[in-house]
Amino acid sequence: NETLADSMARAVQAGSSVVLATGGFTGSTSVGDGEIGVPFSEVALTVEDTLAGPDQPSTLSGWVYGDLGADGQTAVTGEASSLWARGGRMIAVVDGSGAAGLPGPVLRVAPVIGDDVIFSWVGCWSTNGVESRDYEGSVDIFDDRGLHPADLQLQAVRLADFRAQLPE
């Protein structure tokens, strides 16, 4: 039940950055979280703007949950661990803690289509406290397996309204 503003403030207070970027899978995988052995896949980002938190370089790489195939677009697990827009435009929360034991930050991503940020339960996003509407254009959204998530309820938040939820 945490609001979007509180979630973003908590992330930034913990050292994370919120960026507007374009990204895609590199095909590299790694195992993080020590003895648990959680699979992660590398994402290369081109950062358009750091919206909150410490400034980020124009290019960086980070890690999302899930074990993706060598072609960089096909997951070999049955879980959808992130959502993507055609072209890879996204909001990414770049975790500055390095707690997962990976060679770079963990990312939490939400696709951006036009002037909308698209949210769902995937990635533990919440639209509480911000005006949102049902997103009907699911053909432009796919999961990390390249499949359209027909069974997910997607919410759209205007990018300007998302920015207004970020800490200064």
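Any value given below was found using the heavy atoms of this structure, including those in side chains, with hydrogens, waters and symmetry copies removed.
Screening Val19, Val109, Leu51 for a side chain to side chain contact (heavy atoms under 4.5 Å, CB included) with Ile91, the sole residue that qualifies is Leu51.
Distance alone, capped at 3.5 Å, places no donor-acceptor pair between the Ser41 side chain and the Thr29 backbone. In terms of modelled atom types and a separation under 3.5 Å, the side chain of Thr3 and the main chain of Asp6 share a donor-acceptor contact. Checked by atom type and distance alone, the side chain of Ser17 never pairs as donor or acceptor with a backbone atom of Asp55 at under 3.5 Å. At least one donor-acceptor pair under 3.5 Å links the side chain of Ser126 to the backbone N or O of Asn128.
Between the side chains of Ser61 and Glu42, a donor-acceptor pair is found at a separation under 3.5 Å. If you check the side chains of Gln155 and Asp134, you find a donor sitting under 3.5 Å from an acceptor.
Here CE of Met90 is found 5.5 Å from CG of Leu45. Values are rounded to the nearest 0.5 Å. To the nearest 0.5 Å, atoms CZ (Phe25) and CH2 (Trp84) are separated by 4.0 Å. Here CZ of Arg108 is found 10.0 Å from OH of Tyr65. Values are rounded to the nearest 0.5 Å.
For Glu131 and Arg158, the salt-bridge test fails: no basic side-chain N is under 4.0 Å from an acidic carboxylate O.
Within 6.0 Å of the CG atom in Asp49, the count of heavy atoms belonging to other residues, nucleotides or ligands exceeds 12.
Using the six-membered ring where Trp is involved, Phe162 and Trp125 have ring planes that are perpendicular, over 60° apart on the 30 and 60° scheme.
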Checklist line | Worked verdict on Phe40 versus Val106 for side-chain contact (heavy atoms from CB on, under 4.5 Å) | finding: CA-CA 9 Å; Phe40 287 86; Val106 173; 4.1 Å; yes
